[in-house]
Number of protein chains: 2
Amino acid sequence: MKISDLAKRCGLSAHTLRYYERIGLLPYADRDRSGQRDYDASILSWIEFLGRLKTTGMPIRDMLLYAKLAGSGKATFSERREMLEEHRERVRAHVADLEACLRVLDGKIASYGEAEERMRDDKRNNANTPARART
Amino acid sequence: MKISDLAKRCGLSAHTLRYYERIGLLPYADRDRSGQRDYDASILSWIEFLGRLKTTGMPIRDMLLYAKLAGSGKATFSERREMLEEHRERVRAHVADLEACLRVLDGKIASYGEAEERMRDDKRNNANTPARART
DNA sequence: TCTTGACTTAGAGTGCGCTCGAAGCCGTAG
DNA sequence: CTACGGCTTCGAGCGCACTCTAAGTCAAGA
């Protein structure tokens, strides 16, 4: 598979794939006789997992550490598990944060909705009541 | 309230507070007779709300638009509500993504745990069984 | 044969969100 | 009076994660 094919399949640009290889996030890809990268489809599952780490906010330097451990075989299973467990906790905490934020947004949206409602009422009644406090 | 007091209370640095004022995310603060910013405590709730937007990944340019609308009174209630509704949808989608990632992490962690378990068993049995496929 | 287009490399540039430094002013404690 | 800490402004610098450019190579199709 050429780099542009892999790019299409994994949703990263060819630029980004080369960048990831350069920094060590992707293993050095085999080159064909004209020097072009020729990827094995098995790289896709690794890229997909990296995408999960990225989505969940893991910085590249941590992904690099994980990648290095993953290249060292069975001896690093427990270290990798611990990394992922710590990361999972951070992600869970972040999700909890986001859910709290969502509740705040819900409240704010509702209060705008109610304010708009009142404004429509005022208009319909053509009443000259004093302005209400903003929220 | 001086900038360092506000910084302590809201968790942003004085540098960041000045930066936010400079770009228009915070209203221009009153200065005392020696030119130093003197904040009213009411700024705290606005900063807290900005923090919610930031936590949920809203870029500063969008916060700036929201801030501009919020400075324009009642006429922009519906526009602000629509902004927040769209943002809320993005956040909900992101939370769903994160939850999918958490399930992947759970699976990965479990498989490391099982592999470690098997390695301990193998050691205890002192058996020279062939290596298993890595996951 | 010539053109086209995708690939290669090293390295520069971009956008975001801060973060810091320099130089100078102000008010209070000693 | 002086020293000190904290404030001011403006602008430069930083860390991250790409993103793009330039110059060149290569293989296949007209």
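Lettering follows sequence order; numbering is per chain, from 1.
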Problem set entry | Pairwise 5' ranking along DNA chain D for Arg33(A) and Thr16(A), keeping only the more 5' one | Thr16(A)
Exercise. Which part of the nucleic acid does Arg31(B) contact within heavy-atom distance under 4.0 Å: base, sugar-phosphate only, or nothing?
Worked result: sugar-phosphate
Problem set entry | Selection from dC7(D), dG17(C), dC7(C) that lies nearest to any side-chain heavy atom of Tyr19(B) | dG17(C)
Problem set entry | First encountered from the 5' end of DNA chain C, between Met63(B) and Gln36(B) | Met63(B)
Problem set entry | Lys54(B) vs dC18(C): side-chain N/O to OP1/OP2 distance below 4.0 Å | yes
Problem set entry | Short side-chain N/O contact to dC10(D) OP1/OP2 from Arg22(B), under 4.0 Å | no
Exercise. Any side-chain N or O of Ser4(B) under 4.0 Å from OP1/OP2 of dC7(D)?
Worked result: yes
Problem set entry | Phosphate contact (dG17(C) OP1 or OP2) by Tyr20(B) side-chain N/O below 4.0 Å | no
Exercise. Between atom NE2 in His15(A) and atom C1' in dT14(C), what is the gap in whole Å?
Worked result: 13 Å
Exercise. Where the side chain of Thr16(A) meets the backbone of Leu12(A), is there a donor-acceptor pair that is under 3.5 Å apart?
Worked result: no
For this session: Start with the C-alpha distance between Cys101(B) and Val91(A), add both sets of side-chain angles, then the distance that settles side chain to side chain contact (heavy atoms under 4.5 Å, CB included), and finish with yes or no.
Result: CA-CA 9 Å; Cys101(B) 290; Val91(A) 177; 5.9 Å; no
Exercise. With a 4.0 Å cut-off, would you call Glu117(A) and Arg120(A) a salt bridge?
Worked result: yes
Problem set entry | Residue closer to the 5' end of DNA chain C, Arg61(B) versus Gly35(A) (nearest nucleotide) | Gly35(A)
Exercise. Choosing from dC18(D), dG17(C), dT8(D), which nucleotide comes nearest the side chain of Ile60(B)?
Worked result: dG17(C)
For this session: Using a heavy-atom cut-off of under 4.0 Å over every strand shown, decide if Arg18(A) touches base, sugar-phosphate, or nothing.
Result: base
Problem set entry | Short side-chain N/O contact to dT9(C) OP1/OP2 from Arg37(A), under 4.0 Å | yes
Exercise. Looking for any heavy atom pair under 4.0 Å, which part of the strands does Ser13(A) touch: base, sugar-phosphate only, or nothing?
Worked result: nothing
Exercise. Just by distance, do the side chain of Thr76(A) and the backbone of Glu79(A) share a donor-acceptor pair under 3.5 Å?
Worked result: no
